[in-house]
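Below is one structure, written out as structure tokens; the observations come after it.
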Amino acid sequence: MVAIARLVIAAPASGCGKTTVACGLMAAMRGRGLAVSGHKVGPDYIDPGYHALATGRPPRNLDPFLCGEDLIAPMFRHGSAGAQVAVIEGVMGLFDGVASETWAPGGRPPGTPRSWGDPSHQTPLGGDPSPREDTDPNFGSTAHVARLLGAPVVLVVDAARAGRSVAALVTGFAAFDPRTPVHGVILNRVASDRHERLLREALAASGIAVYGAIRRTDGIVTPSRHLGLIPAAERAAVAGQAISRLGELTAASCDLDALLALARSAADLPGPAWEPAVALAVPGDVPAPAGPGPLVAVAGGAAFTFGYTEQGELLEAAGSRVAWFDPLHDESLPEGTSGLILGGGFPEMHAAELSANERLRGQVAALARRGAPVAAECAGLLYLGRTLDGLPMCGVLDVHATMTPKLTLGYRNATAITDSVLARTGERVRGHEFHRTAIAPPSGARAAWRFSSGELEGHVAGAGVASYLHTHWAGHPAAASRFAAACAAARSGSAVDPAR
């Protein structure tokens with residue numbers, strides 16, 4: 001049984017300040033000496049980076065589409081182990097799920113709605129829904145995750161342009177779905193003492209608690225660009241200062257005692273925690289390599305900020321050792337590298353620096369030529385290509401990448417159509433895309449995936465696989481054991497069989 005205190009921070013829509021309030025609460029509670037665990041609903045990579053700054057703990061995502069709804073509570077138990085309170089930040093509006101046609105993680109570009117504006121510049125959510133998703137329109141929503149965790153919901157309302165109408169909005173959300181009660185509200189972007197009194201008086205008759213009123217604060221800014229908030233890793237010092245100030249502002253503006261009491265009112269959450277080693281012990285999986293594990297180098301730093309914490313945990317459980325490196329600054333791969341993981345991020349913002357690091361690019365190309373396993377997602381795909389916006393990259397793949405005005409965004413159901421170090425032909429996985437770049441050609445002679453739309457995607461070359469598709473390995477743990485086994489084989493000089 002898990003008796004961790006927990007709160008879900010939700011909102012009526014994107015852009016109301018969920019991330020601001022969630023991070024502020026995490027920092028304020030940590031400032032009280034509590035161990036705080038931060039979680040994000042959905043596949044967003046950017047907001048969790050700020051959660052990590054606020055809590056000092058690894059960030060965690062809770063995504064029923066990518067991992068399956070049965071794993072949400074176990075993964076929460078795992079991620080919150082050792083914490084005294086957990087804050088779960090929602091996604092979009094409280095009841096917006098996979099069926100929504102637009103999903104915008106991590107904030108918004110300046111002047112652009114969180115729904116990303118012009119639908120002609122979007123690729124809608126794809127895939128064949130399961131019967132469960134087809135019958136529940138808020139599958140994958142914040143409300144869905146709150147129910148799976150038995151967690152009380154607090155609604156963040158942007159009051160900047162509202163008065164008494166806030167009460168109608170909040171009571172409407174509270175009554176909309178009896179399965180998901182809204183226990184209280186935090187008013188954001190309040191203009192003045194008079195404005196706050198007006199809002200509180202309007203809400204007094206609703207029976208819904210007001211847990212705080214946060215004033216408009218121009219001095220705390222989290223800047224955005226083409227894919228949302230700028231990741232914390234790209235502005236670590238400034239972001240850290242902003243989180244500290246948010247914590248102070250939240251502590252002064254919200255009733256932390258009442259919020260903690262609400263969090264502690266959540267019932268025990270029965271069942272076991274997700275464990276990487278147990279997740280790997282499934283029929284047909286590859287046994288962990290014997291002896292000292294192979295070293296897997298994982299790209300990090302400002303250009304490669306997208307990744308799920310559980311990926312490294314699964315690799316270690318599969319017998320690998322994980323070492324991080326920064327392609328912007330490190331001129332060599334970690335000594336003894338047997339395999340390479342290049343996750344997502346923003347290489348387009350750092351293309352000149354990545355290109356200038358010729359020594360590392362040469363090492364990556366040489367490693368791939370030797371047959372070492374390489375797994376690349378999105379940013380990693382661009383880095384492995386010949387050029388990115390005309391600048392030389394690693395040249396492992398014969399592709400050229402460019403920035404475009406089109407946002408490709410959405411969940412995907414994909415079937416492996418080529419054996420690789422991550423999946424066997426015919427296996428189905430779930431992932432998502434999130435990019436404004438395009439590559440030519442869009443798929444290789446040996447494509448990695450076929451989407452449910454019929455589109456071919458990705459490249460399989462030697463022991464490498466590169467794709468725009470982001471996957472969560474907790475939902476496909478065989479990827480970790482296969483990759484670790486392939487790395488062990490490559491280290492020993494054995495032939496790498498991608499079908500294993």
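Atoms considered below: every heavy atom in the structure, side chains included; atoms not considered: hydrogens, waters and symmetry mates.
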Roughly how far, to the nearest 0.5 Å, is CZ of Phe325 from CD1 of Ile341?
10.0 Å
How about Cys378 and His470: do any of their side-chain heavy atoms sit closer than 4.5 Å?
yes
When rounded to the nearest 0.5 angstrom, what distance separates NZ in Lys40 from CD1 in Ile9?
11.5 Å
Heavy-atom check, side chain of Val374 versus side chain of Val396, under 4.5 Å:
no
Provide the closest heavy-atom pair for Pro327 versus Asn357 in the form atom of the first, atom of the second, distance.
O-ND2, 3.0 Å
Would you say the side chain of Asp398 lies within less than 4.5 Å of the side chain of Arg386, judging by non-hydrogen atoms?
yes
Main-chain N/O of Pro64 paired to His144 side chain as donor or acceptor, under 3.5 Å
no
Would Glu310 and His78 count as a side chain to side chain donor-acceptor pair (under 3.5 Å) here? Give the steps.
CA-CA 10 Å; Glu310 291 81 3; His78 171 75; 5.6 Å; no
Quick check: are there more than 12 heavy atoms from other residues, nucleotides or ligands sitting under 6.0 Å from CZ of Arg57?
yes
Considering all heavy atoms of both residues, which atom of Pro74 and which atom of Asp70 are nearest to each other, and what is their separation?
CD-O, 3.3 Å
Please confirm whether the backbone N or O of Arg430 pairs with a side-chain atom of Asn413, one donor and one acceptor, at under 3.5 Å?
no
Under 3.5 Å, side chain of Arg450 to main-chain N/O of Ala416, donor-acceptor pair present?
no
Minimum-distance pair of heavy atoms, taken over all atoms of Ala401 and Ile439
CB-CG2, 3.8 Å
For the student: nearest non-hydrogen atoms of Ala461 and Leu397, plus distance
CB-CD2, 4.1 Å
Heavy-atom check, side chain of Thr142 versus side chain of Val8, under 4.5 Å
yes
Taking 4.0 angstrom as the limit, do Glu433 and Arg412 come out as a salt bridge?
yes
Could you check whether any side-chain heavy atom of Arg6 comes within less than 4.5 Å of a side-chain heavy atom of Ile88, counting everything from C-beta outward?
yes
Nearest heavy-atom contact between Pro347 and Leu354 is CB-CD1, 3.7 Å
Criterion side chain to side chain contact (heavy atoms under 4.5 Å, CB included) on Leu422 and Trp473, from CA distance to verdict
CA-CA 10 Å; Leu422 300 182; Trp473 286 13; 3.6 Å; yes
Any chance you could measure Leu391, atom CG, to Glu353, atom CD, to the nearest 0.5 Å?
10.0 Å
Rounded to the nearest 0.5 Å, how far does CD1 of Ile46 lie from CG of Asp44?
6.0 Å
With distance as the sole test, does Thr305 use its side chain to make a donor-acceptor pair with the main-chain N or O of Ala302 at under 3.5 Å?
no
Do Leu66 and Tyr308 come close enough that some side-chain heavy atom pair is under 4.5 Å?
yes
Side chains of Tyr383 and Val364 in contact at under 4.5 Å (non-hydrogen atoms):
yes
Salt-bridge present (Arg424, Asp419; N to O < 4.0 Å)
no
Assess the residue pair Leu469 and Val429 against the criterion (side chain to side chain contact (heavy atoms under 4.5 Å, CB included)); give the C-alpha distance rounded to whole Å, side-chain angles, the decisive distance to 0.1 Å, and a yes or no.
CA-CA 10 Å; Leu469 190 70; Val429 302; 4.1 Å; yes
Cationic N near anionic O, under 4.0 Å, Glu89 to Lys18
no
Over 60° means perpendicular and under 30° means parallel, so tell me whether Tyr411 and His432 are parallel, tilted or perpendicular.
perpendicular
Does any N or O in the side chain of Asn61 come within less than 3.5 Å of the main-chain N or O of Val41, such that one atom is a donor and the other an acceptor?
no
Under 6.0 Å from the ring centre and within 45 degrees of the ring axis: does the NZ or CZ of Arg60 meet both conditions for the six-membered ring of Phe76?
no
Do Thr387 and His400 have side-chain N/O donor and acceptor atoms under 3.5 Å apart?
yes
Working to the nearest 0.5 angstrom, can you tell me the gap between Leu7 CG and His39 NE2?
11.5 Å
Do NZ/NE/NH1/NH2 and the carboxylate oxygens of Glu69 and Arg147 come within less than 4.0 Å?
no
Apply side chain to side chain donor-acceptor pair (under 3.5 Å) to the pair Thr19 and Asp47, showing each step before the final yes or no.
CA-CA 7 Å; Thr19 303; Asp47 293 349; 3.1 Å; yes
Quick one: do Glu316 and Gln311 satisfy side chain to side chain contact (heavy atoms under 4.5 Å, CB included)? Show the steps, please.
CA-CA 9 Å; Glu316 290 176 347; Gln311 183 184 59; over 6 Å; no
Below 4.5 Å, heavy atoms only, C-beta onward: do Ser467 and Glu377 meet side chain to side chain?
no
Shortest non-hydrogen separation from Ser355 to Pro392 and the atoms involved:
OG-O, 2.8 Å
Between the side chain of Ser244 and the main-chain N/O of Gly240, is any donor-acceptor distance below 3.5 Å?
yes
Distance in Å, Leu314 CG paired with Thr309 OG1, rounded so as to fall on 0.5 Å steps
11.0 Å
Ignoring hydrogens and angles, tell me if any N or O in the side chain of Thr404 forms a donor-acceptor pair with the backbone of Arg436 under 3.5 Å.
yes
Among Phe306, Phe304, Tyr45, find the residue that satisfies the ring pair (Phe, Tyr, Trp, His ring centres under 6.0 Å) test when tested with Phe346.
Phe306
Using side chain to side chain contact (heavy atoms under 4.5 Å, CB included), reason through Val465 and His459 one step at a time and then give a plain yes or no.
CA-CA 6 Å; Val465 56; His459 300 251; over 6 Å; no
Counting N and O atoms only, with roles assigned by atom type, does the side chain of Gln363 sit under 3.5 Å from a partner on the main chain of Leu333, one being a donor and the other an acceptor?
yes
Under 3.5 Å, is there a donor-acceptor pair between the side chain of Asp268 and the main chain of Pro270?
no
Measure from the side-chain N and O atoms of Asp96 to the backbone N and O of Met92, and report whether any donor-acceptor pair falls under 3.5 Å.
no
